[in-house]
Asker: 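Quick one: the structure is below, questions incoming.
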Amino acid sequence: MNAVASKPGVMDRLSGAFLRRSVVAGCVITILTICAVAAYYVQATVNRLENTHQSFNDRQLRNGYVAMSDVQRLVLILQDAYGNRSMSAQAAEDFSAAADFLYVRTDTFRRVQHSGGYMETADNAIAALQRVQALADEAIATDFRNLSYLSKELTARAQFARQALVAFLDDMRRLQDQLLLKQSIAVANQRLVILITLSGLSVLGIAATLLLRREVSAKLARREAEARVRHLAFFDPLTGLPNRVQFQDRLSELMKREAGVALLLVDLDGFKQVNDTHGHAAGDAILQHVATALEKVVAPYNGLASRLGGDEFSIILTRNDLQCLKGICQEAVEAINQPISYEGETLSVAASIGVATDRQFSSETQLNADGLTRAADFALYASKSSGKGQFTVYDEDLERQFIERRQMVEELPSAIADGSLEFFLQPKVHLPSQLVYGFEALARWRRNGVIVPPRDFISIAEESGLIADVDCRVLNDATRHVAAFNRQHGTDFSISVNFSTVHFTSRKFIWIVKDALESSGLRPELLTIEITETVEMHDWDRAKEIIAGIHDLGVRISIDDFGTGFSSLAYLRKTVADEIKIDRSLVMDIETSDPSRFLLDAVLDIARNLDLEVIVEGIESPKQVDIILGMGADSAQGYYFGRPMPGEDALKLALAEHAQIAQKSAS
Amino acid sequence: MRAISFAAIIAVFLAGSVRADAPEPIELEPIDHVAAELVIAGVGGNELRFTPATLEQLSTYRVRTTTPWREEPADFDGVLLADLLRLSGLDTVEQIRVTAENDFATIIPRALWETVPVLVATRVDGRAHTRRERGPIQFVIPMADYTSSPVASEAHLVWMAARIEAE
């Protein structure tokens with residue numbers, strides 16, 4: 001299994017990995033770590049930017065420039081007055097205002113500087129401005145009396161202030177450059193962090209998406225598979241019809257909640273021949289044709305057509321008026337019988353139908369799904385028995401038979417056990433001497449004092465699986481009885497016992513025959529096992545092995561009812577039989593029909609060529625005796641020589657005949 | 001009695017919720033001012049010229065507040081910028097330009113004078129406002145409004161104001 005299993009793909013390995021807690025925990029930790037590192041890195045960058053920004057104050061930068069302007073305003077007014085050798089009132093007023101401007105500017109400068117970080121050049125500039133301010137105040141206070149001194153001194157102090165302000169502004173420029181650089185670096189770093197974070201999250205996202213897709217696909221596939229399983233659980237895959245499970249569910253449900261339910265069981269006639277002749281594909285085509293036909297028929301009646309298995313179909317209808325049901329049956333039979341074309345050939349099958357409704361049930365029969373199915377099945381059996389392509393409605397008469405049959409099924413096991421299952425003997429005659437040389441043992445059931453013929457209970461025994469017990473019972477009783485008779489009267493009567501083909505599937509049958517011989521004391525050569533083909537033999541190799549085992553015991557093998565079975569010629573070719581028993585159907589017209597005579601003669605010729613002994617069955621008149629004698633037959637069986645009768649009677653009669661012949665010969 | 005007590009509590013509560021630095025109307029006695037002039041260029045090209053004394057002839061208010069340059073609160077008296085602009089027809093313009101005596105200039109959006117009481121102060125602590133105290137005509141905003149307003153900035157606190165015009 002592992003050798004043919006394909007290697008797991010990437011997604012399989014990934015899925016497997018994600019089933020481990022450690023892998024999931026690792027992924028979660030990785031994601032959290034990436035986020036934490038990214039957040040820390042961004043925060044650190046922002047902090048550095050804020051620190052730089054705190055040092056660099058754009059208002060302060062403006063203060064520097066404006067202060068320089070204010071100083072220049074003072075110097076210009078004073079130099080102008082010095083040039084004019086007098087300070088006019090307007091100039092004095094302007095000078096005073098300019099001094100006020102400088103005062104306020106210096107005050108603002110100082111406040112901003114104190115609220116920000118320490119900067120030496122700023123303090124130097126403020127000090128220089130304050131010295132200019134002090135001289136301006138002195139000039140106003142002295143009413144500009146010494147213009148020469150004031151002009152020179154103000155120019156000197158202004159020059160000093162200008163240098164201090166330039167130094168300060170250079171520092172500010174540096175800070176500004178740093179700020180811009182750090183901002184650029186910060187942006188670049190943030191971009192890197194974002195790229196790394198996005199890449200990591202993208203990989204995880206893609207993996208998660210793929211896993212999710214895989215999970216969703218798997219879920220869909222699982223749903224489809226479940227739906228398929230559900231469908232297969234309730235529908236036949238070949239025809240698409242509901243299967244037996246759904247049929248039973250629906251029938252049970254309807255029987256519980258509705259009155260007026262009808263069940264039609266449909267069984268195809270000749271389906272096996274289609275399968276054997278044209279192959280299983282053709283058989284499937286026939287089954288699909290039948291399914292389609294039934295669906296069309298039931299559709300107007302809201303019925304349910306199902307395939308129960310093999311070539312068995314059913315129809316459930318919620319109506320029980322017989323006239324309508326018969327019409328539906330007729331429709332179904334005709335629809336199914338329509339030929340279909342398959343690979344250039346025309347195929348067709350017929351169908352038998354059994355109908356049962358809840359109306360036909362008496363109080364003796366249990367009204368449930370199982371009971372209705374059994375009744376429909378019994379009606380189907382009746383249809384099959386009376387010919388093909390027919391339908392039968394389960395009615396009072398059938399119900400009587402049905403009940404009778406059911407009772408027989410129940411009673412048969414005890415009949416086998418308590419001895420009420422008896423055997424009758426029918427003589428087999430040597431034609432040239434007209435003497436009985438042996439008998440065929442035939443099962444009879446003495447039921448309630450009445451002898452039940454085999455046609456009434458052998459099929460029941462076969463269907464209920466009791467045929468093996470019936471055959472064994474007859475074998476044991478007949479061999480014991482005949483052996484005892486032979487010992488008592490010094491005779492060598494042989495005995496033939498019928499065995500269904502169902503016995504030829506297990507070597508246990510050899511032991512059963514051996515036990516019968518040992519317990520009865522019958523010589524093996526006096527026992528003949530007649531193979532009665534109730535079902536077709538499929539496992540020929542197994543059957544030949546069992547027949548060889550019986551031969552080894554010294555027991556003879558005979559093919560019963562030759563000419564009527566499923567594959568009579570196959571028996572001749574594949575088995576090692578000692579004799580064949582030609583069925584009465586090949587004999588009954590030999591007095592009047594040349595083809596019948598020709599056919600019988602041909603069969604006898606074949607048997608001779610194969611070195612097989614032949615017993616001709618169904619001889620009922622002396623003319624038939626003459627004809628088969630003329631054909632060279634040695635042995636025969638039939639009402640002309642004696643009907644089946646209780647074993648003791650048959651043996652005594654044969655003994656008496658033997659005595660008579662012996663007496664005649666002696667006389 | 002109980003109803004009276006409840007009303008008293010509500011009154012105290014409401015009184016407490018009124019800002020201490022909100023402008024209060026005040027009657028000002030004439031005083032000598034420092035020489036100064038505020039020119040308002042109206043929409044039609046007309047100019048209105050105010051000295052501190054002529055400004056005080058309009059409705060005057062008092063605001064007690066600190067400023068970015070005063071740690072201790074002071075009483076500022078003057079007129080509301082909104083009244084001044086309404087008088088000159090500039091109250092509907094989107095923004096105004098204010099220029100100071102020292103050539104400083106700033107732009108004030110309408111949202112400011114419509115949402116915040118901007119006082120054009122001519123006196124501080126009852127005295128005529130001087131240049132060294134950022135007078136004679138100074139724009140003052142109560143500190144609580146200044147800090148809470150998303151529009152107000154330090155540039156709007158113009159001192160030595162000399163001219164107002166539509167921008």
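Predicted model only: the values in this text are computed from it and were never measured. A, B, ... follow the sequence lines: proteins, then strands. Residue 1 opens every chain.
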Asker: Side chain, backbone, both or neither: which part of A98(A) has a heavy atom under 4.5 Å from chain B?
Answerer: neither

Asker: To the nearest 0.5 Å, how far apart are CG in D100(A) and CG in N102(B)?
Answerer: 11.0 Å

Asker: How would you list all residue pairs meeting ring pair (Phe, Tyr, Trp, His ring centres under 6.0 Å) that involve residues 141-167 of chain B, not counting sequence neighbours?
Answerer: W69(B)-W159(B)

Asker: Can you tell me which portion of F101(A) sits under 4.5 Å from chain B's heavy atoms? Options are side chain, backbone, both or neither.
Answerer: both

Asker: Nearest 0.5 angstrom please: R70(B) CZ to R111(A) CZ, how far?
Answerer: 8.5 Å

Asker: Report, as yes or no, whether the 6.0 Å neighbourhood of atom CZ on F104(B) holds more than 12 heavy atoms from other residues, nucleotides or ligands.
Answerer: yes

Asker: Answer whether the closest heavy-atom distance between the side chains of V104(A) and E133(B) falls below 4.5 Å.
Answerer: no

Asker: For Y149(A), does the OH atom have more than 12 heavy-atom neighbours from other residues, nucleotides or ligands under 6.0 Å away?
Answerer: yes

Asker: Would S96(A) and R131(B) count as a side chain to side chain donor-acceptor pair (under 3.5 Å) if you check the C-alpha gap in whole Å, the side-chain angles of each, and the deciding distance to 0.1 Å?
Answerer: CA-CA 10 Å; S96(A) 179; R131(B) 287 189 174 80; over 6 Å; no

Asker: Would you please test D107(A) and R132(B) for salt bridge (Lys or Arg N to Asp or Glu O under 4.0 Å) and show each step?
Answerer: CA-CA 9 Å; D107(A) 180 61; R132(B) 298 206 173 190; over 6 Å; no

